[in-house]
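Okay, so here's the structure we're looking at.
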Amino acid sequence: MRDELLVIPAPEDFIFDECLAYLMRSADECMFRINDGTVTRALDVDGEPVVFGMSGHPDGIAVEFLEGFAPGGLEGCDKVSGFVRDWLDLDRDLRPFYELGESDPLLHDVVQKHRGLRVVGIPDLFETFVWAILGQQITVAFAYVLKKRFVETFGTAVEAGGRKYWIFPDAQKIAGTDPDALRELKITGRKSEYIIGIARMIADGELTKERLFELGNDKLIQKELTAIRGIGPWTANYVLMRCLRSPDAYPAADVGLHNALKHAAGLDRKPNLQEVEAFAAPWAGWRAYATFYLWRLLH
DNA sequence: GTCCAGGACTCGC
DNA sequence: GCGAGTCATGGA
């Protein structure tokens, strides 16, 4: 097994345990398993299931493949490595954000406390949309339950090391699914329609990460996304933040953000939308990072 | 019973 | 363009 160890270098200011703490926030998370500091998950690499565990390492992140589920060849290793880099946003220089954290009164404490944390992403576009839509207007805890039902109903499981690892259902499969099948999982009728609509767009190839990146900036991407049924400003910014990796996306309507701001600013009520925007003005360029760090106040 | 959760759509004006 | 009603479930 030792020869299947892969070390992914990370910047000096990266702290794996901060990301781990975020990843551990729900016992109902179904896309990976965390045990003793190692996050283990399955990944589809060119149609082949790969299963790997990642953990902290003095030089960054150690990736170890489970027996029988290593990628075939160097190219496969590169894809896993690229996935992890994307997942934990390893290629971003956070020094400007940390400078901001030094001077900003609202961010100061939380940035100091969780320094080393990166915006944990969701590299797969379809998975991000499903997760965001499921999360609209309900508690995160219930969203995890719905995602678990969704994945265990429509996804595929890989058996490795005596355990099951799930691969998120692809858009093609959901595109041809009846809304009633989602409704049975207690996903609302509307959300079921939204999810199937998005699945069709992705399956048809009209909605891809590449196409969205080609639009060039957050504003145009948000406009494109909010034209899709079921995607409002909150969801568009959520997708920008978690999948398209905009460091500046700002889900201003986010209730969790409001509660975090209330706490950080010492208010006796939640801020209104104007205040939420005003708080974020000094964070221009880093509003997604600010949001992600502020969310850590909720746990 | 009421209110609130990581919102968005629809309708009436 | 803006406010109110609706969607639906589960926990406090």
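Letters A, B, ... mirror the listed sequences (proteins, then strands); counts begin at 1.
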Separation of B:dG7 atom P from A:L146 atom CG, nearest Å, is 14 Å
Using a 4.0 Å heavy-atom cut-off across all strands, classify A:Q136 as base, sugar-phosphate, or nothing. sugar-phosphate
So the salt bridge (charged side-chain N to carboxylate O under 4.0 Å, His left out) pairs with at least one residue in residues 10-27 of chain A (sequence neighbours excluded) are A:D13-A:R118
Please work out which residues in residues 269-288 of chain A have a non-hydrogen atom less than 4.0 Å from an atom of DNA chain C and list them by number. none
Closest non-hydrogen atom pair between A:L88 and A:C19, with its separation: CD2-CB, 4.2 Å
Answer yes when A:D89 and A:R92 have at least one side-chain N-carboxylate O distance shorter than 4.0 Å, and no when they do not. yes
Residue pairs fulfilling salt bridge (charged side-chain N to carboxylate O under 4.0 Å, His left out) with at least one residue in residues 284-297 of chain A, sequence neighbours excluded: A:D248-A:R287
Atom pair CG/OG1 of A:L182 and A:T177 - distance to nearest 0.5 Å: 6.5 Å
What one should report as the nearest heavy-atom pair of A:A236 and A:T226 is CB-CG2, 3.9 Å
Taking A:R95 first and then A:E102, would you say they form a salt bridge - that is, a charged N and a carboxylate O separated by under 4.0 Å? no
Quick one: stems involving DNA chain B, counted as three or more successive Watson-Crick or G-U pairs, both distances short of 3.5 Å. B:2-5 with C:9-12, B:7-13 with C:1-7
Pairs where residues 186-212 of chain A contributes a residue and the test salt bridge (charged side-chain N to carboxylate O under 4.0 Å, His left out) is met, not counting sequence neighbours: A:D86-A:K209, A:E193-A:R229
Do A:W131 and A:Y144 have ring centres separated by under 6.0 Å? yes
Atom pair CG/CG of A:L212 and A:D218 - distance to nearest 0.5 Å: 11.0 Å
Of residues 116-129 of chain A, the positions that come close to DNA chain C - non-hydrogen atoms, cut-off under 4.0 Å: none
In whole angstrom, what separates A:K262's NZ from B:dA5's C1'? 14 Å
Quick one: CG on A:L6 to CZ on A:F65, what's the gap to the nearest 0.5 Å? 5.5 Å
For residues 224-234 of chain A, which residues have at least one heavy atom under 4.0 Å from DNA chain B? A:I228, A:R229, A:G230, A:I231, A:G232, A:P233, A:W234
Applying side chain to side chain donor-acceptor pair (under 3.5 Å), can you list everything that pairs with A:D104, at least two apart in sequence or on another chain? A:W283
DNA chain C contacts made by residues 176-197 of chain A, counting heavy atoms under 4.0 Å: A:R183, A:K186, A:T188, A:G189, A:R190
Under the rule for ring pair (Phe, Tyr, Trp, His ring centres under 6.0 Å), what residues qualify as partners of A:F83, not counting sequence neighbours? A:W87
For residues A:Y165 and A:F32, establish whether the separation of their ring centroids is below 6.0 Å. no
Sole candidate of A:W295, A:F292, A:Y293 that passes ring pair (Phe, Tyr, Trp, His ring centres under 6.0 Å) when paired with A:Y22: A:F292
Do A:V63 and A:L5 come within less than 4.5 Å of each other through their side chains, counting heavy atoms only? no
Classify the angle between the aromatic ring planes of A:F150 and A:F168 as parallel (below 30°), tilted (30 to 60°) or perpendicular (above 60°). tilted
Outermost nucleotides of DNA chain C that come under 4.0 Å of a non-hydrogen atom of chain A: C:dT6 to C:dG10
Atom-to-atom span, CD1 of A:I198 to P of B:dA8 - whole angstrom: 12 Å
With rounding to the closest Å, how many angstrom separate the C1' atoms on B:dA5 and C:dC2? 24 Å
Work out how far the P atom of C:dA8 is from that of B:dC11, and round it to whole angstrom. 15 Å
Which salt bridge (charged side-chain N to carboxylate O under 4.0 Å, His left out) pairs, counting each pair once, include a residue from residues 134-158 of chain A, with sequence neighbours left out? A:E29-A:K147, A:K148-A:E152
